[in-house]
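Note that this is a predicted model, so its numbers are computed, not measured. Just follow the structure's listing: the first ligand is 1, and inside any ligand the first atom is 1.
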Amino acid sequence: MKRVRAAVFASGSGSNFQAIIDQTDLPCEIAILVCDNPTAPVIQKAERAGIDTFIFDPGNYQSKEEYETQLVQILNQHNIQWIFLAGYMRLVDSTLLNAYEGKIINIHPSLLPDFPGIDAIGQALREGVSVTGVTVHYIDEGIDTGPIIAQKSLKISKKESLEELTKRIQAIEHQLYPEVIKQLIK
Ligand code: GRF
């Protein structure tokens, strides 16, 4: 049977990308990394793993529609069925959303709808909440909106630093994201 093929979109360090590709029983093949930042460390991770990369600079395009149209072409060429956003620092627009309706998911380091957007962990600490967590959700045009698929919470310890909490949240992310992928693709 032909395996499902998926793309990961990432802009940064790629620890979630690594956690996904490290799974030995993933129900899909991560066939391509899409990255909008030519200097992102995630690119080396993909190269080390022998995964194709498509790296683009949004500044080289006239509009979002233009680069998303090219993205859809590339994803089609690679027979991609699912897209996993993992630290992709860009809003997805209608061109890509329509082409992959119900097939794009994202991970976010908070219990959405709380603390959307950047620095979600810092937002939670500054707010002084005692519980935060991780969310995996389908995406729509909004910032970290879209139907929630799974959440996992953790208690914030007293005097926990941003670094400490980030580390604990990342550990949860690296477990939860592959778990959700395994649930969705069978
Ligand atoms: C993660 O915290 C993820 O939840 C958020 O961006 C971060 C990406 O980290 N969307 P990494 O590049 O996977 O290490």
Side-chain angles (χ1 to χ4, degrees), residues 6-23 26 28 30-49 51 53-58 71 82-93 96-97 100 103-127 129 131-156 160-184:
V8 174
F9 282 34
S11 310
S13 78
S15 71
N16 280 283
F17 170 78
Q18 189 71 52
I20 292 168
I21 65 170
D22 282 348
Q23 302 293 311
L26 209 64
C28 56
I30 303 303
I32 188 167
L33 166 75
V34 172
C35 181
D36 61 340
N37 170 10
T39 62
V42 67
I43 296 167
Q44 280 149 32
K45 292 184 168 76
E47 283 167 356
R48 267 202 301 274
I51 293 173
T53 56
F54 176 68
I55 302 153
F56 71 103
D57 181 348
L71 278 179
W82 281 88
I83 299 173
F84 309 140
L85 307 184
Y88 182 62
M89 302 301 288
R90 206 159 281 285
L91 276 179
V92 174
D93 217 343
L96 193 51
L97 275 172
Y100 281 89
K103 298 284 184 186
I104 312 179
I105 62 174
N106 180 46
I107 188 157
H108 184 76
S110 77
L111 295 176
L112 291 172
D114 291 344
F115 312 125
I118 56 166
D119 191 24
I121 304 173
Q123 288 185 56
L125 277 177
R126 286 190 295 276
E127 193 74 17
V129 294
V131 174
T132 187
V134 173
T135 302
V136 179
H137 63 101
Y138 290 105
I139 65 151
D140 58 18
E141 300 85 355
I143 300 176
D144 301 316
T145 49
I148 290 170
I149 304 166
Q151 290 187 309
K152 205 156 187 181
S153 61
L154 83 171
K155 276 196 182 137
I156 301 179
E160 189 160 11
S161 70
L162 180 64
E163 290 70 31
E164 288 163 339
L165 184 57
T166 300
K167 228 173 157 183
R168 291 205 299 135
I169 286 198
Q170 277 176 342
I172 292 176
E173 288 189 335
H174 300 163
Q175 210 191 348
L176 186 66
Y177 214 173
E179 239 173 66
V180 169
I181 293 170
K182 288 173 198 176
Q183 273 169 24
L184 288 177

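For K182, the side-chain hydrogen bond (donor to acceptor under 3.5 Å, both in side chains) partners at least two apart in sequence or on another chain are Q23, D25. Q183 meets the side-chain hydrogen bond (donor to acceptor under 3.5 Å, both in side chains) test with no other residue; sequence neighbours excluded.
Pairs engaging residues 104-120 under the side chain to side chain donor-acceptor pair (under 3.5 Å) rule: N106-H137, N106-D144, H108-S110, H108-D144, D119-R126 [sequence neighbours left out].
Ligand 1 is surrounded by S13, G14, S15, N16, G87, I107, H108, P109, E173, each with at least one heavy atom closer than 4.0 Å.
Side-chain N/O atoms of D36 and S11 include a donor and acceptor closer than 3.5 Å.
Within a 6.0 Å radius of CG in L91, more than 12 heavy atoms belonging to other residues, nucleotides or ligands are found.
You'll find the side chain of V92 stays beyond 4.5 Å of the side chain of Y100, heavy atoms only.
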